[in-house]
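The chain is numbered in sequence order, starting from 1. Only a predicted model underlies this, so the values are computations on that prediction, with no experimental measurement involved. Computed from heavy atoms alone, side chains included, the values below leave out hydrogens, waters and symmetry copies.
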Amino acid sequence: MVGFEDIKDRVCASVVSKFKTAEEAAEMIKDGDCLGVSGFTPSGYPKAVPLALAEKAKKTPFKVNVWTGASVGPEIDAAMVEAGCMDRRLPYQTNATLRKAINAGKVRYADIHLSHFAQMARYGFMADRKKIDFAIVEVCKINDLGDGKVGLIPTTSMGNSSSYVATAPKVIVEVNTTQPVGLEGMHDSYVPLDPPNRKPIPIERPEDRIGTPYIPCDLDKIVAVVPCDITDKVRPLGEIDEDAKHMGQNLVNFLKNEVKEGRLPANLLPLQSGVGSVANAVINGLVNSDFKDLTVYTEVIQDGMFDLIDAGKLRVASGTALTPSPECQKKFYENVEHYKKYLLLRPQEISNSPEVARRIGVIAMNTAIEVDIYGNVNSTHVCGTKLMNGVGGSGDFARNGYLTVFFTNSLAKGGKISSVVPFCSHIDHATLDVDVIVSERGVADLRGLTPKEKAPIIIDQIANPKYQPYLYDYFKRACEKCGNSQTPHILSEAFDVYKWFEETGSMEKPAE
């Protein structure tokens, strides 16, 4: 177990008097407190103090509210949930334990656009009108800035850390010895002023730096400096299967045509890609393309973007978190001085800023659970009621990108679920915010089309042949029933596929 001696060479002398164990830090936190923690995906989040809080709750029950950047690791989203000490959780999650507790009503969860959350927290807009009591952040180093201030050097994510540290009256800092001090210099901390004093965010290119390479913090606010040697729990990415390869190639062909038609420059525009195996596979399609001098302005930097660097195709990747696979993480740590020249981590209200996305013309690429025949997208709920993860940053980029693309396999659950349905059971992204849909089967370019023009294209290019006859039949009968209506639906049948799935385990129409 790491001790105080192990972190002395990572911190300035002014904080040595604040050294505490994780258990001592946890004792400061009381029932009903609101914790703003670092982390965005299972990267750069505190581990020792949350585990100590979970152990404390097993002996003396209490509950706290936990605000993060996005999803975090099991030390928070599993251990604290299992110990029963998590009351309200915001603004995004992906953990199976937490998801089960949310869907069982044991943890109160609100899904919130990630670019909005930091400022809403500062405003005091959140549930119960609570503000942060403690910021708990992971760092690799603490520097003395003079005048009673220190500079906190984050690790593998920025998330909402800058805003939480600025807002919280008390700050607990975990110094993680598994994170290399070579990360210093890769961050760009910037907290915008709140209205009515808000100024434009001065980013014109993905590589523009606008803040400081550290998070400034008043020394007096720091109540504990805790040693930690627990690693980020990054996860392996799934193999790039044939469907994912086809989606990647479909995207590349589409983008090539956009360049040919003069709607995109030869090196495209800044790329934004969602999280997960499908998103990573799509980026991999660009690795194997002729495109070069690419730029990225996104949330999460995954393996595919390191592959673009290795291939000499990437100029810069700006994000808020590094979430590589364990193998890619090892490669990054062993070559941090090389890779960090291409990487820039910002607070999520900057990485996901609608203002910046619109200004620089982001190509937004995200995944969908399902789409309907008119181009609405469900990103978050299975069969309309059970939360899967959350909307994340997809909404930040979808509405504000130069071009918005959603990806989905045509089938799920071995063919028992169609990813194209008559009417989405839950809608996160209205058809107004969806330009293009890509599946392994093809590309549906929906720009400027009416609903009745979109439906045949989506059914033909995106839906699986197994479900196409039903979808065509539904659309035909809906048009006959509704005449010249703008968006034809047979409301008494629109959700039948979910009823069939509930009753039979398949969305296929039962034999009459």
Donor-acceptor side-chain pairing of Glu138 and Thr155 below 3.5 angstrom: yes
Spatial distance of atom CZ (Arg399) from atom NE2 (His113) [nearest 0.5 Å]: 7.5 Å
More than 12 heavy atoms from other groups under 6.0 Å of NZ on Lys292: no
Salt bridge present between Asp77 and Arg99 (N-O < 4.0 angstrom): no
Those residues that, when tested against Tyr472, pass ring pair (Phe, Tyr, Trp, His ring centres under 6.0 Å) (two or more places apart): none
Single hit among Thr404, Asn366, Asp396, Ile363 for side chain to side chain contact (heavy atoms under 4.5 Å, CB included) with Gln272: Asn366
Parallel, tilted or perpendicular: rings of Tyr342 and His338 (30°, 60°): perpendicular
Side-chain donor-acceptor pair present, Ser410, Glu440, cut-off under 3.5 Å: yes
Donor-acceptor side-chain pairing of Asn389 and Thr94 below 3.5 angstrom: no
Note, Tyr297 side chain near Val356 side chain (heavy atom, < 4.5 Å): yes
Ionic contact status for Lys245 with Glu242, cut-off 4.0 Å: yes
Test item: Trp67 and Asn160 side chains (from C-beta on) under 4.5 Å apart, heavy atoms: no
Euclidean distance, Leu411 CG relative to Asp243 CG, rounded to 0.5 Å: 8.0 Å
Lys330/Glu334 salt bridge by N-O under 4.0 Å criterion: yes
Non-neighbouring partners of Gln93 that pass side chain to side chain donor-acceptor pair (under 3.5 Å), sequence neighbours left out: none
Side-chain touch Leu255/Leu268, heavy atoms, less than 4.5 angstrom: yes
Salt bridge (Lys or Arg N to Asp or Glu O under 4.0 Å) between Asp232 and Lys47, intermediate numbers included: CA-CA 9 Å; Asp232 282 345; Lys47 292 102 172 165; 2.6 Å; yes
Gln119 and Asp194, any side-chain heavy atoms less than 4.5 Å apart: yes
Short side-chain donor-acceptor distance under 3.5 Å, Asp229 and Thr177: no
Side chains of Arg346 and Ile203 in contact at under 4.5 Å (non-hydrogen atoms): yes
Thr68 vs Phe40 side-chain heavy atoms within contact, under 4.5 Å: no
Glu204 atom CD, over 12 foreign heavy atoms within 6.0 Å: no
Exercise: do Gln348 and Glu299 side chains pair donor with acceptor under 3.5 Å: no
Interatomic spacing from CG in Asn409 to CE in Met247 - rounded to 0.5 Å: 4.0 Å
N-O pairing of Arg10 and Glu184 below 4.0 Å: no
From CA spacing to verdict: side chain to side chain donor-acceptor pair (under 3.5 Å), Arg122, Ser163: CA-CA 8 Å; Arg122 294 194 301 269; Ser163 187; 3.0 Å; yes
Greater than 12 external heavy atoms within 6.0 Å of Arg315's CZ: yes
Salt-bridge contact Lys340-Glu337 (side-chain N to carboxylate O under 4.0 Å): yes
Pair Thr323, Thr41: side-chain N/O donor-acceptor within cut-off below 3.5 Å: yes
Selection residues 359-381 - residue pairs positive for ring-ring contact (aromatic ring centres under 6.0 Å, His included), sequence neighbours left out: Tyr374-His489, His381-His426
Donor + acceptor pair across side chains of Lys466, Ser418 (<3.5 Å): no
Minimum-distance pair of heavy atoms, taken over all atoms of Gly361 and Pro270: O-CD, 4.0 Å
From Pro213, Pro154, Cys140, residue fulfilling side chain to side chain contact (heavy atoms under 4.5 Å, CB included) relative to Leu183: Cys140
Set of ring pair (Phe, Tyr, Trp, His ring centres under 6.0 Å) partners for Tyr214, sequence neighbours left out: none
Note, Ser351 side chain near Met158 side chain (heavy atom, < 4.5 Å): no
Main-chain N/O of Gly159 paired with Ser157 side-chain donor or acceptor, under 3.5 Å: no
Spacing of Asn65 atom CG and Leu35 atom CG [to the nearest 0.5 Å]: 8.0 Å
For Ser38 against Ser161, the heavy-atom pair lying closest together: CB-OG, 3.0 Å
Atom pair CG/CD1 of Leu345 and Ile301 - distance to nearest 0.5 Å: 5.5 Å
Side-chain touch Pro456/Phe475, heavy atoms, less than 4.5 angstrom: yes
Criterion side-chain contact (heavy atoms from CB on, under 4.5 Å) on Ile283 and Leu308, from CA distance to verdict: CA-CA 8 Å; Ile283 291 294; Leu308 285 171; 3.9 Å; yes
Heavy-atom donor-acceptor pair, Asp303 side chain to Ser325 backbone, under 3.5 Å: yes
Any pair counted as ring-ring contact (aromatic ring centres under 6.0 Å, His included), so long as it reaches residues 388-411, sequence neighbours left out: Phe406-His429
CG on Asn250 to CD on Gln461, rounded to 0.5 Å: 8.5 Å
Tyr109 side chain to Asp111 side chain, donor-acceptor N/O pair below 3.5 angstrom: yes
Distance-only donor-acceptor check, side chains Ser318 and Glu207, under 3.5 Å: no
Partner set under ring pair (Phe, Tyr, Trp, His ring centres under 6.0 Å) for Tyr339, not counting sequence neighbours: Phe306
Donor on one side chain, acceptor on other, Gln468 and Asn464, under 3.5 Å: no
